[in-house]
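Note sheet for the following structure.
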Amino acid sequence: MRAPPPSRRLVSSAPATLLLLSRLLLAGASDGAPPLVGVSPQNEAYFTPQVIACRDGSGYFPRNRLNDGYCDCADGTDEPGTSACPEGKFYCRNIGDTPRLLFSSFVNDKICDCCDGSDEYESGIHCQNTCRNRKDIAEADDGGRELSVTHLDVANVFTSKHTIDIEDLIQKLRGLKMALVIELGLVVCIFAFCFARRRTRTHRRQYVLKR
């Protein structure tokens, strides 16, 4: 008596099981924890839960939305490593130098603002790590005086004396001043043109009446 042939259903179930396992593994990998870019070491524990609260109390967001390029919290809690939130802050670790905070608009703008270059991780440019060089220069110029990092509030926000680059601020103020001068010049030109046109019309009317 011949043995019954193996069931096709049973044989084909093995590849299906492997396919299902591979899909589950891929899904698990895609749901992995996002990198803590732009977060200070003191605040890393805040982002460990799967559901994270916005620091301003405006809501919550799942951990897989951390640094996803979309602003879920008005204060930028969910986007410490991107420029998605206007109120967001990026933390430069600057190992070997002084840590600092950047406005989110400075992140991936093709300008190296952190001396370790961490703010340009997706801009496509290569930033050299100059942190140690800066520290050596500061020690040579200031006799070894270190820049202090002060604790501001209960949110564990840290900043330094050089939070805003002075040169960038000066350039922005110059640009704003130039724009105001241009606008004022345009307004003066418009008023002068209207006044001259009105005066010309008045002269024409007087000339016609005299005739």
Side-chain angles (χ1 to χ4, degrees), residues 37-38 54-59 61 65 67-92 94 97-128 130-131 133-134 137-138 141-142 145 147-150 152-153 155 157-211:
V37 181
C54 300
R55 291 186 182 276
D56 61 357
S58 60
F61 62 94
R65 292 189 182 178
N67 287 334
D68 65 346
Y70 295 92
C71 191
D72 298 299
C73 299
D75 63 349
T77 303
D78 61 307
E79 300 297 319
T82 72
S83 58
C85 298
E87 300 297 327
K89 298 292 186 298
F90 183 92
Y91 182 85
C92 303
N94 292 345
D97 206 317
T98 304
R100 63 179 297 193
L101 282 177
L102 298 178
F103 291 115
S104 61
S105 59
F106 288 21
V107 179
N108 293 320
D109 62 349
K110 298 187 182 296
I111 299 176
C112 302
D113 298 294
C114 302
C115 66
D116 60 2
S118 58
D119 59 305
E120 300 300 317
Y121 63 93
E122 282 187 351
S123 64
I125 66 171
H126 176 69
C127 298
Q128 294 183 353
T130 61
C131 290
N133 296 335
R134 288 187 179 184
I137 294 173
D141 292 342
D142 302 334
R145 183 181 62 187
L147 297 176
S148 61
V149 179
T150 56
L152 290 183
D153 52 28
V157 180
F158 287 80
T159 185
S160 68
K161 295 179 181 178
H162 293 280
T163 300
I164 302 176
D165 194 349
I166 297 177
E167 294 181 359
D168 292 339
L169 181 59
I170 292 175
Q171 291 179 0
K172 290 179 180 179
L173 290 175
R174 286 178 179 174
L176 181 60
K177 184 178 179 180
M178 184 63 67
L180 291 175
V181 169
I182 293 173
E183 290 182 0
L184 182 60
L186 290 175
V187 171
V188 171
C189 290
I190 291 173
F191 274 108
F193 176 77
C194 293
F195 179 77
R197 189 175 179 182
R198 185 175 180 180
R199 188 173 182 181
T200 303
R201 288 182 177 178
T202 302
H203 284 307
R204 287 180 179 177
R205 289 178 182 176
Q206 292 177 354
Y207 178 76
V208 172
L209 291 175
K210 288 180 179 180
R211 295 181 58 186

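Only this structure's heavy atoms are used, side chains among them; waters, hydrogens and symmetry mates stay out.
For the atom pair Ile111 CD1 and Ser123 OG, the distance stands at 10.0 Å (nearest 0.5 Å). Here the straight-line distance linking atom CD of Glu87 with atom OG of Ser104 works out to 8.0 Å at 0.5 Å rounding. In this structure, the separation between CD on Gln128 and CG on Asp116 is 13.0 Å, given to the nearest 0.5 Å. In this structure, Cys127 SG and Asp113 CG are separated by 8.5 Å, a value rounded to the nearest 0.5 Å. The line from OG of Ser58 to CG of Asp72 is 9.5 Å long, rounded to the nearest 0.5 Å.
Legend: residues meeting side chain to side chain donor-acceptor pair (under 3.5 Å) with Ser105, ordered by chain and number and at least two apart, are absent. Qualifying salt bridge (charged side-chain N to carboxylate O under 4.0 Å, His left out) partners for Asp75, counting only residues two or more places apart in sequence or in other chains: none. Every side-chain contact (heavy atoms from CB on, under 4.5 Å) that Tyr121 has, sequence neighbours left out, goes to Val37, Thr82, Phe90, Val107, Asn108.
Contact record, Gly69 with Ala84: O-CB, 3.4 Å, taken as the closest heavy-atom pair.
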Open item on the list: Walk me through whether Leu102 and Cys114 qualify under side-chain contact (heavy atoms from CB on, under 4.5 Å).
Closed with: CA-CA 8 Å; Leu102 298 178; Cys114 302; 3.5 Å; yes
- [ ] Evaluate the criterion side-chain contact (heavy atoms from CB on, under 4.5 Å) for residue pair Cys112 and Ile125; output intermediate values, then yes/no.
- [x] CA-CA 9 Å; Cys112 302; Ile125 66 171; 4.0 Å; yes
- [ ] Report the C-alpha separation of Cys92 and Cys115 in whole Å, then their side-chain angles, then the decisive distance to 0.1 Å, and conclude whether the disulfide (SG to SG under 2.5 Å) test is met.
- [x] CA-CA 8 Å; Cys92 303; Cys115 66; over 6 Å; no
Task: Candidate pair Leu180 and Ile182, rule side-chain contact (heavy atoms from CB on, under 4.5 Å), full reasoning - done: CA-CA 5 Å; Leu180 291 175; Ile182 293 173; over 6 Å; no
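Remark: side-chain polar atoms of Glu120 are paired, donor with acceptor, to backbone N or O of Lys110 under 3.5 angstrom. Of the possible polar contacts, none joining the Thr77 side chain to the Cys73 backbone as a donor-acceptor pair under 3.5 Å is found. Between the side chain of Glu79 and the main chain of Asp68, a donor-acceptor pair closer than 3.5 Å is present.
Counting heavy atoms from C-beta on, the side chains of Pro80 and Tyr91 never come closer than 4.5 Å. Taking the side chain as every heavy atom from C-beta outward, Arg65 and Asp78 never approach each other to under 4.5 Å.
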